[in-house]
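Structure, as structure tokens:
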Amino acid sequence: MGILDHAFLKSLWVFHLATGSCNNCDIEILDCFTPRHDIERFGMQLTGSIKHADVLLVTGAVNRQCIPRLKRIYEQMPNPRLVVAIGECALSRGVFVHSYNCPLPLDHVIPVDVYIPGCPPRPEAIIAGLIKLIEQKKNPKDQPQA
Amino acid sequence: MLYLLYLLIFGFLLTAVIGLFASWIDRKLTARIQYRVGPPLLQPLYDILKLLGKETLIPIGATNLPFLAAPLIGLVSVMIVSTMLWVSNLHPQQTFLGDVIVVIYLLLIPSLCIVIGAFASGNPLASLGASREIKLILSYELPFILAVLVAIIQADFSIRLGDILATQAQNGIIAVSWSGGLALLVAVMCTQAKLALVPFDAPEAETEISHGVLIEYSGTLLAMFQLMRSMLLFALPFFLIIVYLGGISGNGIQLVYGALAYVGLVALITVIRNTNPRLKIGQVLRFFWGPMTFLALIAVLLALGNN
Ligand code: SF4
């Protein structure tokens, strides 16, 4: 692993995108940056511009209005890029699975690297998911443990 | 030539290392103030390296040449200004006449580059940020120049950094006099604005116009801007130390004094940034043209009276 890849995993800047969530997952994401959980220990920062982002955090059941916008946001992200699906809605559409408005789960629209289940997931679960992602990128051969 | 030798070693390498360290101090102190743990020591370096390894996107609507050239010009001007500061600090007799004025001009160029790059990117939020940045420049430049004028007056109207340093070596540092203290206060506020830190971060305002001026920059270009910011975090306090606090000299206790003065200034800037809300750009203008210019004028009059 080169030094640039190493630096990449040490300084993941996250961009947070809500595609029709109930806002609960989004609050839990913000919790990760509070003094109690302090995700900046791992070099992660919340960024306001998708052009600066390394990780796209997606919450919510991707609805019809959001699908084209989600794709555009994803395409604007500079490589290398990672996508994290947060919450039951983003994983499998949760309670909206039979809705007329949510035709596809997130990973049928864009590739997803990590799934973090929960409704909403606890901040600890989000941090654990991100750390597992980092570990897995460091040793691609190891399967992440359950 | 002396300047060429210093350009790479002092102007670039040492400045970048100290600047990155200073931005770590800034982030760590911020974290401690907020009862957090904070990032590891090498975090600013990791950020720059990571940005170097990322794809650089150029928006379709951008004007290519200014968009690409702005970060480079900004970075080079910070390099030149820190070289001049190092040379005048280490060899006060060898500087040229009028270098104070050149330094003031060069310290302005990074802000101008940010403005040019933002306008060239063709993003509406970026141009909003850029117009705010221009107003910011307009507001802090006048009190900043007045504050530097105090040091020039105290050094018998000499516009050489070397003479300002020599005066301080003879008569004690400028900051302990009434006029010098006031001028230092004004200059610290102007430094805060030059670095575009809270409370004067209206051009960037992540939560409001999502990084404003830098919104379209990515990859290597963003890395250059980040490095430029970190190096400014060294160059500006260093300039204040030279002008008001007698510079940093290389031997024993003097070096400790210089280092303490520098870390103290960075910490002061960080504390100001963490204990204040963001001002609207109109309030910034009123703040600098009202109380700050007034204080700076008083300082100039006091200095004139003493002379
Ligand atoms: S997973 Fe649960 S908490 Fe998260 S957006 Fe969906 S319904 Fe809300």
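Numbers restart at 1 for each chain; the letters A, B, ... are given by sequence-line order, proteins then strands. Keep in mind the model is a prediction, meaning the values are calculated, not measured.
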**Region of A:F33 in contact with chain B, defined by heavy-atom distances below 4.5 Å** = backbone

**Request:** Side chain from CB out, backbone as N, CA, C, O: work out which of these in A:Q76 comes under 4.5 Å of a heavy atom of chain B, or both, or neither.
**Result:** backbone

**Message:** If the contact rule is any heavy atom under 4.5 Å from chain B, which residues of residues 112-131 of chain A qualify, in numerical order?
**Reply:** none

Closest heavy-atom contact between [X] and [Y]?
| X | Y | value |
| --- | --- | --- |
| B:L49 | A:A7 | CB-CB, 3.6 Å |
| A:M77 | B:L57 | C-CD1, 4.4 Å |
| B:K50 | A:F8 | CG-CA, 3.7 Å |
| A:P35 | B:Q34 | CG-O, 3.2 Å |

Can you tell me how far [atom2] of [Y] sits from [atom1] of [X], rounded to the nearest 0.5 angstrom?
| X | Y | atom1 | atom2 | result |
| --- | --- | --- | --- | --- |
| A:I3 | B:Y46 | CD1 | OH | 8.0 Å |
| A:E40 | B:T30 | CD | OG1 | 8.0 Å |
| A:S11 | B:L42 | OG | CG | 12.0 Å |
| A:K51 | B:T56 | NZ | OG1 | 11.5 Å |

**Side-chain (A:N79) to main-chain (B:E55) donor-acceptor, under 3.5 angstrom** = no

**Message:** Can you tell me which portion of B:L222 sits under 4.5 Å from chain A's heavy atoms? Options are side chain, backbone, both or neither.
**Reply:** side chain

**Item:** B:Q43 portion near chain A, given a 4.5 angstrom heavy-atom threshold
**Value:** side chain

**Request:** For the residue pair B:K54 and A:P80, establish whether any side-chain heavy-atom pair is separated by less than 4.5 Å.
**Result:** yes

**Message:** Heavy-atom pairs under 4.5 Å with chain B - which of A:R81, A:M44, A:H37, A:R41 has more of them than the others?
**Reply:** A:R41

**Item:** Sole residue of B:I215, B:L214, B:L51 in side chain to side chain contact (heavy atoms under 4.5 Å, CB included) with A:H52
**Value:** B:L214

